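None of these values were measured; they are calculated from a predicted model. Lettering follows sequence order; numbering is per chain, from 1.
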Amino acid sequence: MSEETSLFHQRLEKLARLRELGADPYAIERFESTESAKELLDNYVEDKPVSFAGRIVAVRVMGKAMFAHLSDGETKIQLYIRKDDVGETAWEVAQLLDIGDHLGVEGKLFITKTGEKSIYVSTLTPLSKAFHNLPFGKEKDGERWYGLSDNEVRFRHRHLDLICNPDSRKLLLDRMRIVAAVRRFLDSRGYLEVETPLLQLEAGGAAARPFLTHYNAYDLEVKLRISLELYLKRIICGDVPKVYELGRVFRNEGVSNRHNPEFTLLEFYEAYSNLEDIMRLVEEMFRYVALEVFGSTKVVAGEVEIDFGPDWQRLDLLGTIAERASIPVESLSDLTTLKSALGGETVVNPKNGKRVDLQKEDHLGGLIEKLLEVFVEEDLIQPTFLIGYPLETSPLAKKDPNRPGFTRRFEGYIRGKEVCNAFSEINDPIDQRERFQDQLAQRAAGDDEAHPMDEDFLYALECGMPPTGGCGIGIDRMAMMLTGAETVRQVLLFPMMKPESGDSDEEDQP
RNA sequence: GAGACGAUAGCUCAGUCGGUAGAGCAACGCCCUUUUAAGGCGUGGGUCCUGGGUUCGAGCCCCAGUCGUCUCACCA
């Protein structure tokens, strides 16, 4: 019999014996702790009667007495159980406990010979049985031994990671607190949280391939949303002036350190506002969230300290590219001029080795964004807004009246990565229809991520949308920036994983 | 999608030149009534990722595959 199988049987027998002793853990419905473990330790009063429930994370049996540590997930507190004090039955119950079980105790606070604040236990109430060995490490003075380090197991069985790895636990819970703080911020500013369809006939609002699914009742192919944008603007058209949605979107793309096929997107829209207002709101939001979750506007992310206190640096996109790529800014006005200014067939940034293949670039906007990626992005460490994006790659952003071919759009960058994308929204329905038609032309030319036509959205615009500022923030990215996480998987409870067996329906049947 | 690296006990890992599969923790038994990486004595536990191949003999060498990690590519 394997170790695991025999362990399972041993634990079943212990459970049966607990039931014989009248200590069936699964018969208990609730158990009230007087305080959390941290509060018990912080507010220590000698001999104070207490009750406390948690998971057994360590046991040391000393003949007719035992010590154990009980954790409420955040903090652990030591138990001291003496046979003479709890009696025969409770002592036998104690012997049937295992690391991993949940247990409730009553007793009083005391300090052991070695100076540890502990609970002197008088009664024991088992609350669950662990049927598997839990990979708790050992620790002393902050040093840790053993434990769970296999990333694959940590991602697939996240509960083990949450139990065993405090760092991982903190990161994930901080992410949840960030999400909660974002909602509080927007709610306090008078924004209304709305919910829009995940199942859509045409997935619009971004350039990405959607997931497809089938709706049986209407025998209809539907798509999972890739963005929130168009529905939210239809609500603005309904004269609800400040709306946001914070929810999951799905993009049928590969997995990487910074990409998961489903991710959490925040979009907010404010009528009668423009991108300047949005920039101020983004600054305030990051400042607020950093303070709420971490108590400081300065967060340490990897090697650098990011400060969300001051206003973000504001840079003109074209000017910055011209400067970093050492080309005249006028050359960024059309494709041929720009290509000749760059010279050659490929342009290499000697600083990082990244390159642009000029032959692959067939419109100005695409090339400008490529240059941004190669020459600018990675140097934008402290929070920075890049302002003024090309028309071709911004089909939903209002034209800049002072700069033909460009839009009133900005992106925010932190630690070299894009964290938000915002603009003064197009509210001219004629302009928007033309942009969609351009996108259709790009689609016809083979770009399967070009934006589809959306007549319902256009109808809403034709009925009138006030001037509006809007913004999208990748919440997973935001969480990475604020927590210092290096990969998106660290801030996702359950990142996308291939099936372990590997025998999914991969084979293409002829 | 490409390359590099990895997969051995529940966990963390070692495994020499190709020659009977190892340690610590966890588990089980005994001792131990203030320990804390408790300690002492003893016991059990393996699809060495999967499938082929080479060989008298494969955890180790070869081929194919699976999953993962990292880097790159893709991804506004």
Side-chain angles (χ1 to χ4, degrees), chain A residues 1-11 13-14 57-69 76 78-86 91 98-100 110-116 118 120 130-156 160 164 206-209 226-227 251-261 263 353-355 365-366 368-370 372-373 377 386 389-390 392-397 409 411 418 420-421 447 449-451 472 474 486-487 489 495 497-504 506:
Chain A
M1 195 190 297
S2 80
E3 177 80 21
E4 274 289 275
T5 316
S6 72
L7 183 77
F8 207 95
H9 280 99
Q10 285 164 11
R11 299 286 164 97
E13 282 164 17
K14 286 184 177 182
V57 297
V59 175
R60 293 174 295 281
V61 180
M62 307 280 303
K64 294 184 180 58
M66 66 187 283
F67 293 90
H69 272 102
K76 60 191 187 191
Q78 182 171 254
L79 309 180
Y80 179 52
I81 304 165
R82 280 170 59 109
K83 184 180 182 182
D84 290 351
D85 292 313
V86 296
W91 182 248
D98 290 296
I99 290 177
F110 82 115
I111 293 180
T112 62
K113 245 183 211 174
T114 46
E116 180 166 348
S118 309
Y120 200 116
F131 289 93
H132 298 281
N133 255 324
L134 268 53
F136 286 109
K138 297 251 176 181
E139 65 177 278
K140 186 188 185 181
D141 304 331
E143 266 194 286
R144 294 171 60 78
W145 290 262
Y146 317 116
L148 182 68
S149 68
D150 184 330
N151 278 337
E152 181 167 0
V153 178
R154 293 169 64 178
F155 294 151
R156 289 190 197 276
L160 295 176
C164 299
R209 274 189 291 278
I226 57 173
S227 164
R251 297 187 182 177
N252 209 335
E253 288 157 1
V255 169
S256 82
N257 274 349
R258 301 175 225 12
H259 299 85
N260 197 64
F263 64 97
K354 290 188 181 179
R355 56 183 60 223
I368 285 175
E369 295 217 0
K370 192 76 189 170
L372 159 66
E373 194 185 313
E377 255 182 22
L386 282 180
Y389 277 70
E392 296 99 319
T393 55
S394 314
L396 301 163
R409 170 180 166 198
E411 287 187 347
E418 179 199 336
C420 69
N421 177 22
D447 179 359
E449 295 190 354
H451 207 289
E486 294 297 327
T487 72
R489 290 181 155 201
M497 301 287 282
K498 281 197 190 180
E500 257 174 311
S501 56
D503 60 3
S504 62
E506 288 288 309

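Here the C1' atom of nucleotide B:U35 and the CD1 atom of A:I111 are 16 Å apart, to the nearest Å. Taking atom CG on A:D150 and atom P on B:U69, their separation rounds to 9 Å, with Å as the unit. The distance from atom CE of A:M497 to atom P of B:C67 is 11 Å, rounded to the nearest whole Å. At whole-Å resolution of the value, CD in A:E373 and P in B:C72 are 12 Å apart. A:H69 places its NE2 atom 15 Å from the P atom of B:A26, with the value rounded to the nearest Å. Protein atom CD of A:Q78 is 14 Å distant from nucleotide atom C1' of B:A37, rounded to whole Å. Across the protein-nucleic acid pair, A:H132 atom NE2 and B:G45 atom P stand 20 Å apart, rounded to whole Å. For the pair A:N151 CG and B:C67 C1', the computed distance is 13 Å after rounding to whole Å.
Nucleotide B:U34 forms no Watson-Crick or G-U wobble pair with any nucleotide shown, as no partner meets the under 3.5 Å limit on both distances. Across all strands shown, B:U71 forms a Watson-Crick or G-U wobble pair with B:A2, both key distances being under 3.5 Å. Base pairing of B:C60 is not made with any nucleotide, judged by Watson-Crick or G-U wobble geometry with both donor-acceptor distances under 3.5 Å. Figure legend. B:G29 is base-paired to B:C41; pairs are counted as Watson-Crick or G-U wobble with both atom distances under 3.5 Å. Pairing for B:G46 is absent, judged as Watson-Crick or G-U wobble with the two contacts each under 3.5 Å. Checking B:U54 for Watson-Crick or G-U wobble geometry (two distances, each under 3.5 Å) identifies no partner in any strand. Partner assigned to B:U12 is B:A23, using Watson-Crick or G-U wobble distances below 3.5 angstrom. Under the Watson-Crick or G-U wobble criterion, with both distances below 3.5 Å, B:C17 is left unpaired in every strand shown.
Sequence order on RNA chain B of the closest nucleotides to A:A58 and A:Y120 puts A:Y120 first from the 5' end. The nearest heavy atom of RNA chain B to A:K113 and to A:N421 marks one nucleotide each, and the one closer to the 5' end goes with A:K113.
Atom P of B:C74 sits at a distance of 41 Å from the matching atom of B:U16, rounded to the whole Å. Comparing B:G46 with B:G59, their P atoms sit 16 Å apart, to the nearest whole Å. Look at the C1' atom in both B:C60 and B:G15: the space between them is 9 Å, to the nearest Å. With both ends at atom C1', the span from B:G52 to B:U66 equals 15 Å, rounded to whole Å. Comparing the same atom, C1', in B:C32 and in B:G42 gives a spacing of 15 Å after rounding to whole Å. B:C49 sits 33 Å from B:C41 when the P atoms are compared, rounded to a whole Å. Spacing between B:G29 and B:G44 at atom P, rounded to whole Å, works out to 15 Å. The C1' atoms of B:C72 and B:U50 are separated by 28 Å, rounded to the nearest whole Å.
Closest to the side chain of A:S149, from the set B:C67, B:U12, B:U69, is B:U12. In the set B:U34, B:A76, B:A37, B:U34 carries the atom at the smallest distance from any side-chain atom of A:F67. Closest approach to the A:T112 side chain among B:A37, B:C11, B:U35 is made by B:U35 (side chain taken as heavy atoms from C-beta onward).
For A:K498, no side-chain nitrogen or oxygen approaches OP1 or OP2 of B:U69 to under 4.0 Å. Within the 4.0 Å cut-off from OP1 or OP2 of B:C74, not a single side-chain nitrogen or oxygen of A:R209 is found.
Within the 4.5 Å cutoff, side-chain heavy atoms of A:V255 are placed close to those of A:P261. Counting heavy atoms from C-beta on, the side chains of A:R409 and A:T393 come closer than 4.5 Å. A:F8 is listed as a side-chain neighbour of A:H132, based on a closest heavy-atom distance under 4.5 Å. When side chains are defined from C-beta on, A:M66 counts as touching A:V59, because their heavy atoms get closer than 4.5 Å. Side-chain contact between A:T112 and A:F67 is present, with at least one heavy-atom pair separated by less than 4.5 Å. Between A:I81 and A:W91 the shortest side-chain heavy-atom distance falls below 4.5 Å. Between A:D98 and A:Q10 the shortest side-chain heavy-atom distance does not fall below 4.5 Å.
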Where along nucleotides 2-8 of chain B does protein come under 4.0 Å, by heavy atom, of base (B) or sugar-phosphate alone (S), with - for untouched nucleotides? -------

Going 5' to 3' through nucleotides 27-33 of chain B, assign each nucleotide B (protein heavy atom under 4.0 Å from a base atom), S (under 4.0 Å only from sugar-phosphate atoms) or - (no protein heavy atom that close). SS---BB

A:R489 and A:M497: CA distance, side-chain angles, deciding distance, side-chain contact (heavy atoms from CB on, under 4.5 Å) verdict: CA-CA 10 Å; A:R489 290 181 155 201; A:M497 301 287 282; 3.5 Å; yes

Might you work through the side-chain contact (heavy atoms from CB on, under 4.5 Å) test for A:R209 and A:E449, ending with a clear yes or no? CA-CA 6 Å; A:R209 274 189 291 278; A:E449 295 190 354; 3.6 Å; yes

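Residue A:G366 is out of contact with every strand shown, counting any heavy-atom pair closer than 4.0 Å. Counting non-hydrogen atoms under 4.0 angstrom, A:E449 reaches the backbone sugars and phosphates but no base. Contact annotation for A:R355: no contact, since no heavy-atom pair falls under 4.0 Å across all strands. Across all strands, A:Y389 comes closer than 4.0 Å to no nucleic acid atom at all (heavy-atom distances). Using a 4.0 Å heavy-atom cutoff across all strands shown, A:F110 reaches at least one base atom of the nucleic acid. In this structure, A:S256 reaches the bases: a heavy-atom distance under 4.0 Å links it to at least one base atom across the strands shown.
Within 6.0 Å of CZ in A:R60 there are more than 12 heavy atoms belonging to other residues, nucleotides or ligands.
Side-chain atoms of A:D85 and A:Y120 include a donor-acceptor pair closer than 3.5 Å.
In terms of heavy atoms, A:L148 sits closest to A:C164 at CB-CB, 4.4 Å.
A cation-pi contact, defined as under 6.0 Å to the ring centre and within 45° of the axis, is absent between A:R11 and A:F131.
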